[in-house]
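These notes are about the structure you will find just below.
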Amino acid sequence: MAVDTSYYLILSAAVFCTGLFGILTRRNALLFLMSVELMLNAANINLVAFSQYYGNLTGQVFALFTMALAAAEVAVGIGIILVLYRNFEDVDVAEAATMRW
Amino acid sequence: MTTRPELRLGGHLAPGIIAVALFVIMAVVFVGAPLGDPVGFDDATAIQNETLQSESPTGDYGSVSANGQTYAVAYNGSEETANVSVANDPGVGVDFREVDTTGDGQSDTVYAISRTSITENIGYLMFAVDSDQRSAPGETFLVAFEIIDMVLVGALVGAVVLARRDEGGEVVAALGLRDSDESPGTSAGQVAADGGTEDGGDN
Amino acid sequence: MADTTWLTLAPAFLLGLTGLLVLYVDSIGRSTKGPIAVLSLLGSLAVAGVAIALPDALGLGPAGWSFVSFTLLGMFALALFVQPGSQNRRLIAGLSTAGAVGALGVAAAFLFTFDGEPVNPFGDALVVDGMSLLFAVIVASVTAMVTVASYNYIAEHSYQAEYYALVLLAGTGMTLMASANSLVTVFVALELASLPSYALVAFLKENKGSVEAGLKYFLVGALSSAVFAYGVSLVYGATGSLQLTAVQNAITGEFTGMLGMGVVMVVGGIAFKTASVPFHFWAPEAYEGAPAPISAFLSSASKAAGFVIAFRVFTEAFLQVSESAGEFLVLGADWVLVFQILAVVTMTLGNLAAVTQDKVKRMLAYSSVGHAGYVLMSLAALSGGGATATAKIEAGQFVLAGGMMHLFVYGFMNTGAFLFIALAEYWDVGRTFEDFTGLGRQAPVASVAMTVFMFSLAGLPPFGGFLSKYLLFGATVNSGFVWLAAVAIVNSAVSLYYYSKLVKALWFDERPDDKKPLEISSRPVGLYAAVIFAAVVTTAMYGVFGPVSDAAIEAAAALL
Amino acid sequence: MAGELAFDIAPAIVALPFASFLAVLALGNYMPKKGASAGIAATAGSLVLSLFALVTVAGGSTYQQDLFTWSGAEEVPLHFGIFIDPLSAMMLVIVSLIALLVHVFSLGYMNDEGETGLPRYYSELGLFTFSMLAFVMADNLLMAFMFFELVGLCSYLLIGFWFREDGPASAAKKAFLVTRFGDYFFLIGTVGIVATFGTSRFVSTESHTAFPVLAEEALAEGGHGVTTFLGFGPEAWFSIIGLLVLGGVIGKSAQFPLHTWLPDAMEGPTPVSALIHAATMVAAGVYLVARMYGFYALLPTVLAIIALTGGFTALFAATMGVVKREIKQVLAYSTISQYGYMMLALGGGGYVAATFHLMTHAFFKALLFLGAGSVIIAMHHNEDMWDMGGLKNKMPVTYYTFLAGSLALAGIVPFAGFWSKDEVLYEVLVHGLGSAGTTGTILLVAYAMGLVAVLFTGFYTFRMVFLTFHGEPRTETARDPEPVRWNVKLPLVVLGALATVAGVVNMVPVEKVLGIKGIDYLHQFLDPETELVSNLTAHHYEEVLHDVSGYTADATAFGSESTTVLISAGLSLGLALVGVGLAYALYGRSPTPEEHTDKLGGLKTLWYNNYYQDEYQVWLASGLTLPLAKLADRFDQGIIDGAVNGVGRTSLTGGSYVKRIQTGIVTNYAALLALGLVALLLIVGVTGGWFA
């Protein structure tokens, strides 16, 4: 009945790498943000799965905190994307490349 | 005109190979991880049961283990009066319920039952409430909770500062909040004492 | 007996409370919200009073209650915040500075009266010991200098209170990072330091450079914190704990791969905070584009805070040391090797890239990356020092102390250097080396201070940077890592080139004809005060070096 | 104990100039003479106290005291301490004396000339004097290094005193960078010494042992008690450290190949050149080697390198002095050459000789620079010797003191320079003759170079004298020079007297030839008998040189000892006289000398019209010296400067490639970040066996 913990692990790895894939291949700032959320949630999957594995609640509570942090991060992120749009008329992260080398 | 989402392939996907490589590494490591059976949480139904010797209805002693702890139980045989003395950890709440398994009208088995649900326990841990109701192990998160409190303040302040639109020193649409009776900000139109030029900080 | 251990967190409390208070004060200036602000402030204080009067009410204890009042304060501040715009920027800046200086004073007083017994306020998740107090001093002094300097720098901006509140909240986060004793607190404190910083970097939101810098900082930061969180989840998976000592106790050698991957990812999250290669990519842009006081704040305090969690996490959780048992085991993964790679790559890349810059601020940004490389040596050289565990422990204590000392001195010299840039931006001098030519004649005092910072960063005697570099490099050699120290010294030699290039521009070079003549119209008091203070401390480091280095050595001894 | 007072107040020797520095820095504009008076008072005080200390030391006491400890860490010692023994006491007197005279001279050179920025000038002089004195007093290598750097900084500031002009600014930077280049080796060496011996003290105290002593013990016991690195044996490792420290010495004492900064440093004010770039700071390198001679004496390889470097530098720089037009340039190359002699002496086992030459050179070279300064005042800051001539009658005080200095520099008996240079060459010669194998050969080669350099020294010195003071005035300014005042003449007279008679402190040839015992005062002085410095005496060094490095002095190679002495002295004196005569023949004889070194046409005329016996001399001057000097000069400009620049260029090129990975596009950053993470995971995973 209980799902083997390593399946959760593989799932979380897949979610994490999907998020990373999105970051590496998409240039839309909002998609970048969503991809980061995916990666954070991959960590949450792990935390809950291991909470179950060890029978202690640390992981579950931490997962809740991670979600709160993710929300806060999105708030700031949206703010930055807004000013990005106002300054560069685009949300393409590659547009903002005046500083380099 | 199709509006269906389409898979766009091309060279821009090339960096994604790094993500694939990372997945391969992770998969190899995780598949090889020697994970056994999970301990899990036995909520409300049965944490652990322990059959007690039920021949003598009163004054019989047995032990019950729950959540890795062992409790001494004095079983007096009468209904709902499991006289429990918890030896090891008075802080952990466990209920004991007698059940007649053999159908002889006599209770012969004691189930130890977690008195609190996981959700309740999460609450206790989150605020580090020092309660004997707590039944699942874990670390306390009071400090983290308070830090998160400040994180939220900071994040919101930051987000609002950034998201407000100022034109000529006036807040044009501050997330729908606009103060009309006083002029927010200081002098109008003066931006950036940062030495940057109009078209960006780089030039 | 009332439990008073929570008082040891006073520096963090002071910074955080001041941050919230600034928001209140901002609201009190408003006609509509003023009474509410006063009432809620009083209410929160009343709750705090109840907490002290009735310590055990509802089983929360004084610690819990003080937190409840804190939470209330934060919530009210948020509710009031929708109405910004007090004009009294003097009050706001003064309050912020007072908070930061107060935190500095308290932290310094605690540090020098510290009896060597670590305290765990609010359970195991936090610890206050010599190292956390030392870094609280660093963070608080940088915060104080930044708030003083910002008085002039952001004079013409809206959102005064928000700016200071964000700086102070980030400072709180960094102070808490110094005390974090569990991966949970490490992570949330790190976020508390990061999120306000993202907003601060993009604070000049009509300036493309600032916005671009904020975007890059945020995106790389979000990615890094995701990596860090995943790493923490894997460490939890391998050990079932997040508290650092518990993690160390639970490491069995069963989940080598999972734990090792977690450790490497944790390194990644820390490398982001310290601007170490390959997680440094945000740094040159963020430091260049951000308002200069924020660059100073991030490159000094934030970097120090990143290192303090590195020191604590890796020595407490992933190192098993016992002098009596003769043990010196690196746990989890071979993270010492990782830090060796990072140290060499980071210092080399930072210095080489700095050599060719023609914008002063960007040069400083890369030099900051290079300095992260030097401090990384204190973790990279941790496993050397001889064959016996005792010898390794002693050598390890010295490299750690060397790293802490360098961060301490760096907190002043680098902050000062960026604040000088702030001064130049205030005067609208320009960005390139050529723009700075002739500044020595126009602003001799500030230029002398900048010269001190440059020579100190390069590691020349008689400035503080020499002492700390000597201690750090010497300790690295002492640990047997001669090659690492040699790389660092070669890098220092390279760095002298670009530091002296600026000194030359300030004092000796002729101003090119196509540059507009310098017009220094005013001497901003706040900026000057901060720059001169930093210069005096950098120079006078000889006077305080003894006690501070003793504190660092004790702090390091407590870790190993 | 007698004489303790002198030591108790010794910190004041250092503190006085520092106080003057602070006072002038803060209030210089309001002080009399723009701060010069404060500087004069402070250096005079230091001089008196130094003399007091010197007398006390001569009475047989020495002193060591820890002043301040930075950190309690035993592994990384960091402390300040004072150490006064004969060597440092003598150096203290030299430094404070020259500093005092330079301050007085500056009244004439700077104040009377109406320079601006004088408080800055005098405060920097004060800072320099403070740093130099503290360097001399240092009882450990780390403290020495710190003040070594600080004097470098002062040198940088003072060379760049006229920073608004291009020349001084770039010369200041060059001086700073070139010496720093050497200092990085010094720093590594210092760290190496601390790591190896656990201490960097020069002198053993009750609780600590000095590192030269530890090194000696370690070599005797096959490497016990010290930590060596990188798998080297103790001797090889010590040699490496010694060479690293030598890097700083070579930079600071302007030895080949790091000498190129010194001629450029002449862009600074002339009193600064006299103080810093002739008498004191440049001596810091040589002083450092003498200070830790107990360490170097253990390392024959390093000694050989020191001797060869010194000999080569002496010759190399002397040849370049021949072709320079500016009077200060000649003096600059002469300074490099003379420090070469000191290094030669140290490498050749002549510890006392090197110290002796250090002292006499400080007097006569400071004199020559100040004399040149006087000439420069007179010439309205024109330094070209070809614009001078005939100044002898217009400024007699300058002329006669300058002549005394020149005779001393050329090594003409009985001026101070003769005695010291002769002893340098004598020591190298006898050690070269006495030591077996390669050591002897190397020393003899170095000796030969030093000997040839004597000829050039005599030549360029008197070429300078003749061109400047003799003949007909060649310009209007030279016909009507500006008069100089007492504040210029007084220092000249004092130094002139010293340059003439200072040799009496160590007239070894007289002692040996005439058999008068006990007039080698300097030898006795540097061979004290107190417990504290039992490992820091001249005879101990001699023993160590003999026992460990295989140096043997053979004074009887040419028969008796007095014969050897006479041959050696005669050779050097004779060559010097030949050089002087050559200069006279080419430049002193005619009232309007030709620019022999510049145009060949003039040489041809000379060849046919002048006396037949000059033919050989002229060939020597034109056919050999000139090309050699030109070659050396070109080498200097091209290869040495080129190499220093090349290092910089490499890092510039490297930097311009490295920074390209910062493309500006955040997606690329994410990709590189992820790539770095994957790489780290792979490295750690493979080494940690995750995939097994």
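The sequence lines fix the lettering, A, B, ..., with proteins before strands; numbering per chain opens at 1.
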Heavy-atom pairs under 4.5 Å with chain C - which of [options] has more of them than the others?
options: A/Ala49, A/Gly79, A/Ala97, A/Ala72; answer: A/Ala97
options: A/Leu33, A/Thr66, A/Leu40; answer: A/Leu40
options: A/Val93, A/Val61, A/Asn44; answer: A/Val93
options: A/Val76, A/Ile81, A/Leu38; answer: A/Val76

**Request:** Test A/Arg86 against C/Glu206 for side chain to side chain contact (heavy atoms under 4.5 Å, CB included), laying out the working first.
**Result:** CA-CA 8 Å; A/Arg86 281 185 210 139; C/Glu206 320 240 326; over 6 Å; no
Side chain, backbone, both or neither: which part of [X] has an atom under 4.5 Å from a heavy atom of chain C?
X: A/Ser12; answer: both
X: A/Thr5; answer: neither
X: A/Ile45; answer: neither

**Prompt:** What is the distance from atom CD of C/Glu285 to atom CZ of A/Arg100, rounded to the nearest 0.5 Å?
**Reply:** 10.5 Å
Which portion of [X] sits near chain A, non-hydrogen atoms under 4.5 angstrom:
X: C/Ala238; answer: backbone
X: C/Ala222; answer: both
X: C/Gln357; answer: side chain
X: C/Tyr366; answer: side chain
X: C/Met261; answer: neither
X: C/Ser182; answer: neither
X: C/Val201; answer: neither

Determine the minimum heavy-atom distance between [X] and [Y], stating which atoms define it.
X: A/Ala43; Y: C/Ser233; result: O-CB, 3.6 Å
X: C/Leu215; Y: A/Leu84; result: CD2-CD1, 3.8 Å
X: A/Asn46; Y: C/Leu234; result: ND2-CD2, 3.7 Å

**Message:** Suppose a student defines contact as a heavy atom less than 4.5 Å from any heavy atom of chain C. Which residues in residues 18-31 of chain A would they list?
**Reply:** A/Leu20, A/Ile23
Any donor-acceptor pair under 3.5 Å from [X] side chain to [Y] backbone:
X: A/Asn87; Y: C/Lys205; result: yes
X: A/Tyr54; Y: C/Gly237; result: yes
X: A/Glu73; Y: C/Leu195; result: no
X: C/Glu212; Y: A/Thr98; result: yes
X: C/Lys208; Y: A/Ala96; result: no

**Message:** Quick one, C/Met258 and A/Phe50 - any side-chain contact, counting heavy atoms below 4.5 Å?
**Reply:** yes
**Item:** Within-4.5 Å side-chain heavy-atom neighbours: C/Leu183 and A/Phe62
**Value:** no
**Asked** Do A/Asn56 and C/Tyr236 have side-chain atoms, one donor and one acceptor, less than 3.5 Å apart?
**Response** yes
